[in-house]
Amino acid sequence: MSETERANSMSEERSVRRVCGIAGSLRQSSFNRVVLRAAQELAPEELTIEIFDGLGEVPLFNQDVEAVGDPSGVTALKEAIRGADALLIATPEYNGGVPGVLKNALDWASRVGAGSTSALSGKPAAIFGASPGRLGTARAQPQLRLALESSGVFVMPKPEVHLMSISGHVTDGILVDETARRIVASLMEAFSHWISQVHV
């Protein structure tokens, strides 16, 4: 391999970005887990999405507990986020807002440890969501955006993706609707560019 080819190969390797994917629901067959897996499948080759599946192991935030030391579920969450170049969150909408389990996880991840910044600080992120209803996750996403930006996360402003009436677009746990799949693929293309802009 020539020096030029070696340099090009190293450049290509460096350009691959690791993304931590989180579905804001504990239900294994949740629609947001489905669309997150679709994003994993449809992402451009320069993105590798690793789905964090341990929200159920993250206890309710309690500063007294934190003072003793992060529980193992919290440590796993922070390590997954710290080890990634970016964050992709698929959120449901519960009672017009962000699910408590997701907000709780972000509260833990935002905490600044001794001599370190938070796991979230400076991360580029994209958010989207799916719902069986006609409003999609239009009310939850602004709340999620605010929580992330308050923690120093650079949330991609556009496109806003609200996958509505999702029930008819899923078969055997797979997003099968071609229009919905194109929307998710477009989101991931835009996210790749966003990550590159943030990680200049």
Side-chain angles (χ1 to χ4, degrees), residues 15-53 55 80-81 84-103 105-106 120 123-149 151 153-199:
S15 69
V16 175
R17 305 290 191 181
R18 294 178 61 192
V19 177
C20 175
I22 297 176
S25 171
L26 299 182
R27 189 167 66 94
Q28 285 301 310
S29 59
S30 77
F31 292 125
N32 284 278
R33 199 175 296 273
V34 168
V35 297
L36 189 60
R37 287 197 299 265
Q40 187 180 45
E41 174 193 351
L42 298 168
E45 62 182 7
E46 66 269 17
L47 297 184
T48 298
I49 300 176
E50 299 172 0
I51 297 176
F52 177 76
D53 202 26
L55 285 194
I81 295 173
D85 298 300
L87 187 61
L88 176 66
I89 300 178
T91 182
E93 180 172 301
Y94 293 170
N95 298 317
V98 178
V101 66
L102 177 56
K103 180 59 168 61
L106 295 178
L120 294 171
K123 294 286 183 185
I127 61 178
F128 67 133
S131 169
R134 294 185 178 181
L135 289 178
T137 54
R139 294 170 294 185
Q141 287 194 38
Q143 296 175 23
L144 177 58
R145 181 181 298 275
L146 178 60
L148 289 169
E149 290 178 345
S151 300
V153 177
F154 298 107
V155 184
M156 184 171 67
K158 298 287 183 181
E160 295 183 2
V161 174
H162 307 277
L163 297 170
M164 301 170 287
S165 303
I166 192 70
S167 305
H169 302 333
V170 175
T171 300
D172 296 329
I174 298 172
L175 184 66
V176 295
D177 182 80
E178 287 303 322
T179 299
R181 288 175 65 84
R182 282 195 297 271
I183 290 171
V184 172
S186 295
L187 172 70
M188 298 313 298
E189 286 287 350
F191 190 31
S192 179
H193 292 301
W194 178 250
I195 295 170
S196 297
Q197 290 175 16
V198 174
H199 286 295

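One distance of note links CG of Leu102 with CD of Gln143; it measures 11.0 Å at 0.5 Å rounding. The structure places CZ of Arg17 at 7.5 Å from CD1 of Ile195, a figure rounded to the nearest 0.5 Å. Atom CE in Met188 sits 7.0 Å away from atom CZ in Phe128 (nearest 0.5 Å). Note that the NZ atom of Lys123 and the SG atom of Cys20 stand 8.5 Å from one another [nearest 0.5 Å].
Within the 4.5 Å cutoff, side-chain heavy atoms of Ile49 are placed close to those of Leu88. Here the side chains of Leu163 and Ser131 are not in contact, with every heavy-atom distance at 4.5 Å or above.
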- prompt: For Arg181 and Leu42, what are the C-alpha separation, side-chain angles and deciding distance, and is it a side-chain contact (heavy atoms from CB on, under 4.5 Å)?
  reply: CA-CA 8 Å; Arg181 288 175 65 84; Leu42 298 168; 3.4 Å; yes
task: Carefully, step by step, assess Leu120 and Leu87 under the rule side-chain contact (heavy atoms from CB on, under 4.5 Å).
output: CA-CA 9 Å; Leu120 294 171; Leu87 187 61; 3.8 Å; yes
task: Begin with the C-alpha distance, continue with both residues' side-chain angles, and end with the deciding distance and a verdict on side-chain contact (heavy atoms from CB on, under 4.5 Å) for Gln40 and Ile51.
output: CA-CA 8 Å; Gln40 187 180 45; Ile51 297 176; 3.7 Å; yes
Chi angles and distances behind the side-chain contact (heavy atoms from CB on, under 4.5 Å) call for Ile127, Leu148: CA-CA 10 Å; Ile127 61 178; Leu148 289 169; 3.7 Å; yes
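A search for side chain to side chain contact (heavy atoms under 4.5 Å, CB included) contacts involving Ile174 returns Val176, not counting sequence neighbours. Checked against side chain to side chain contact (heavy atoms under 4.5 Å, CB included), Glu46 has the following partners two or more places apart in sequence or in another chain: Pro44, Ser192. For the side chain to side chain contact (heavy atoms under 4.5 Å, CB included) test, residues two or more places apart in sequence or in another chain that qualify with Ser165 are Arg134.
The only option from Val153, Val155, Val98, Ile89 that meets the side chain to side chain contact (heavy atoms under 4.5 Å, CB included) definition with Arg145 turns out to be Val155.
Here the shortest heavy-atom pairing between Thr137 and Pro92 reads CG2-C, 3.8 Å. The two residues Gly24 and Leu55 come nearest to each other via the heavy atoms CA-CD1, 4.2 Å. Here the closest heavy-atom approach between residue Trp194 and residue Phe154 is recorded as NE1-O, 3.0 Å. Nearest approach of Pro142 to Ala138, heavy atoms of both residues: CD-O, 3.0 Å. Contact record, Ala38 with Leu175: CB-CD2, 3.8 Å, taken as the closest heavy-atom pair.
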Please list, one pair per line, the donor and acceptor atoms closer than 3.5 Å that link side chains of residues 29-37 to other protein atoms, with sequence neighbours excluded.
residue : atom : partner : partner atom : Å
Ser29   : OG   : Arg27   : NH1          : 3.0
Ser30   : OG   : Arg27   : O            : 3.4
Ser30   : OG   : Arg33   : N            : 3.1
Asn32   : OD1  : Ala130  : N            : 2.9
Asn32   : ND2  : Ala130  : O            : 3.0
Arg33   : NE   : Arg27   : O            : 3.1
Arg33   : NE   : Gln28   : O            : 3.4
Arg33   : NH1  : Asp53   : OD1          : 2.4
Arg33   : NH2  : Ser25   : O            : 2.8
Arg37   : NH2  : Gly173  : O            : 2.9

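Listed by first and then second residue, the salt bridge (charged side-chain N to carboxylate O under 4.0 Å, His left out) pairs involving residues 85-103 are Glu93-Arg139, Lys103-Asp107 (not counting sequence neighbours). Residue pairs meeting the salt bridge (charged side-chain N to carboxylate O under 4.0 Å, His left out) criterion with at least one partner in residues 158-174, sequence neighbours excluded, are Lys158-Glu160.
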